[in-house]
Amino acid sequence: MPLITFTMTLEWIETIAPQIRHFAFRLNDDQTFTWIPGQFVNIHFESGDRTLRRSYSIASIPGQNKLVEFAASYIENGPASQYLWALQPGDEVTTSGPFGRLILRDESPQRYILAATSTGVTPYHSMLNQLAQRLEQTDLSVTLLFGVRRREDLLYEEDFVEFAKQHSNFSFCAHYSQEKLTELSDVKDYEYSGHVQTGLQHLKPDPQTDIIYLCGNPKMIDDSFEQLKSLGFDVKNVRREKYVSTNAIVKSKS
């Protein structure tokens, strides 16, 4: 089956952390695009004599606007980074999608634990409206563990903090792998030193009641998955999506 592509026009760009930009694209008037929060799009571009594709998780919240948004990290000498960083508002890009299985399913766990590093948090940002509906209708609780190197690397912090204020059964935890809380002023109650894996361990995941999502750095995902397997988690209750240094997404695993 041939791959179906469409075009989007860059509406605006914003630098949201060191070496990370948020891109917002608008579809042409005659195009429609629907996705399930957690899915990603492929961006197609020319690099030398090759046509390349790179995958980016959609950060947009369905129903909030008609834009397709994602965040991308700058990779030194990376062809995708060179392409994206050269874009200007009004430029068109070729896209395909949506793809991916890192989505919320029709199920009723007692708790979701969503773990991410860097731009791996974007699928969870897209899920906020979905999570709000489930949190209001069930006894579900949700904890988001977000790992970055330093405080300045946090993405969508205000959105997650505000969401936690609105929903008492949602917790946001920011983990800094290269910055100690003693080095910071005005430490927030959601800030922690250390890796996401440590935060996950402290939550004491229960294979009988919890479903875990892991997205981002392959080492975090592999370490966390081994930790969860040792606790008796079945593979179907640990959903994974790895981001590699090219900015591409490795296929989701259920």
For a quick test of reading the model, state the closest non-hydrogen atom pair linking [X] to [Y] and the distance between them.
| X | Y | answer |
| --- | --- | --- |
| Val235 | Phe225 | CG2-CZ, 4.1 Å |
| Ser126 | Pro62 | O-CD, 3.6 Å |
| Leu231 | Pro207 | O-CG, 3.4 Å |
| Ala71 | Ile20 | CB-CG2, 4.3 Å |
| Pro37 | Ile103 | O-CG2, 3.4 Å |
| Asn42 | Phe99 | ND2-CE1, 3.4 Å |

Heavy-atom count around [X] [atom1] within 6.0 Å, excluding the residue itself: above 12?
| X | atom1 | answer |
| --- | --- | --- |
| Glu162 | CD | yes |
| Asp234 | CG | yes |
| Lys66 | NZ | no |

>> Given Lys242, which partner from the list Asn217, Leu214, Ile221 fulfils the side chain to side chain contact (heavy atoms under 4.5 Å, CB included) test?
In response: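 Exactly one candidate clears the test, Ile221.
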
Give a yes or no answer on whether the side chain of [X] reaches the backbone of [Y] with a donor-acceptor pair at less than 3.5 Å.
| X | Y | value |
| --- | --- | --- |
| Ser81 | Ile75 | yes |
| Glu136 | Gln133 | no |
| Tyr124 | Tyr213 | yes |
| Ser60 | Leu67 | yes |
| Glu183 | Lys180 | yes |
| Gln130 | Met127 | no |
| Asn169 | Leu140 | yes |

How many angstroms lie between [atom1] in [X] and [atom2] in [Y], if you round to the nearest 0.5 Å?
| X | Y | atom1 | atom2 | value |
| --- | --- | --- | --- | --- |
| Gln227 | Phe233 | CD | CZ | 9.5 Å |
| Leu102 | Gln39 | CG | CD | 10.0 Å |
| Arg111 | Ile211 | CZ | CD1 | 12.0 Å |
| Thr7 | His44 | OG1 | NE2 | 11.5 Å |
| Phe172 | Lys188 | CZ | NZ | 11.0 Å |
| Leu200 | Leu145 | CG | CG | 6.5 Å |

Tell me, do [X] and [Y] make a side-chain contact under 4.5 Å, heavy atoms counted?
| X | Y | answer |
| --- | --- | --- |
| His195 | Met220 | no |
| Ile113 | Pro205 | yes |
| Cys173 | His175 | yes |
| Phe40 | Pro123 | no |
| Glu241 | Arg101 | no |
| Leu181 | Tyr176 | yes |
| Thr117 | Val148 | no |
| Phe45 | Val93 | no |

Hphob cluster co-occupancy, [X] + [Y], side-chain heavy atoms under 4.5 angstrom:
| X | Y | answer |
| --- | --- | --- |
| Met8 | Ile13 | yes |
| Leu114 | Tyr192 | no |
| Ile58 | Trp12 | no |
| Val161 | Val121 | yes |
| Phe23 | Leu27 | yes |

Looking only at side-chain N and O atoms, does [Y] offer a donor or acceptor that is under 3.5 Å from a partner on [X]?
| X | Y | answer |
| --- | --- | --- |
| Glu107 | Tyr112 | yes |
| Tyr243 | Ser73 | no |
| Tyr156 | His22 | yes |
| Glu69 | Tyr56 | no |
| Tyr83 | Arg54 | no |

>> Walk me through whether Leu155 and Thr119 qualify under side-chain contact (heavy atoms from CB on, under 4.5 Å).
In response: CA-CA 8 Å; Leu155 311 180; Thr119 55; 4.0 Å; yes

Considering only NZ, NE, NH1 and NH2 on the basic side and carboxylate oxygens on the acidic side, decide whether [X] and [Y] come within less than 4.0 Å.
| X | Y | result |
| --- | --- | --- |
| Glu226 | Lys229 | yes |
| Asp153 | Arg151 | no |
| Glu14 | Arg21 | no |

> Stepwise, does the side-chain contact (heavy atoms from CB on, under 4.5 Å) test hold for Leu203 with Thr143?
Replying inline: CA-CA 9 Å; Leu203 289 176; Thr143 298; 3.8 Å; yes

>> Centre-to-centre under 6.0 Å for Phe33 and Phe6, is that the case here?
In response: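 Yes: the rings meet the under 6.0 Å criterion.
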
>> Would you say the ring centers of Phe25 and Phe70 fall short of 6.0 Å from each other?
In response: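 Here the rings of Phe70 and Phe25 have centres that are less than 6.0 Å from each other.
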
>> Working note: Ser224 + Gln197, criterion side-chain hydrogen bond (donor to acceptor under 3.5 Å, both in side chains); need CA distance, chi angles, decisive distance, verdict.
In response: CA-CA 6 Å; Ser224 298; Gln197 297 92 308; 5.0 Å; no

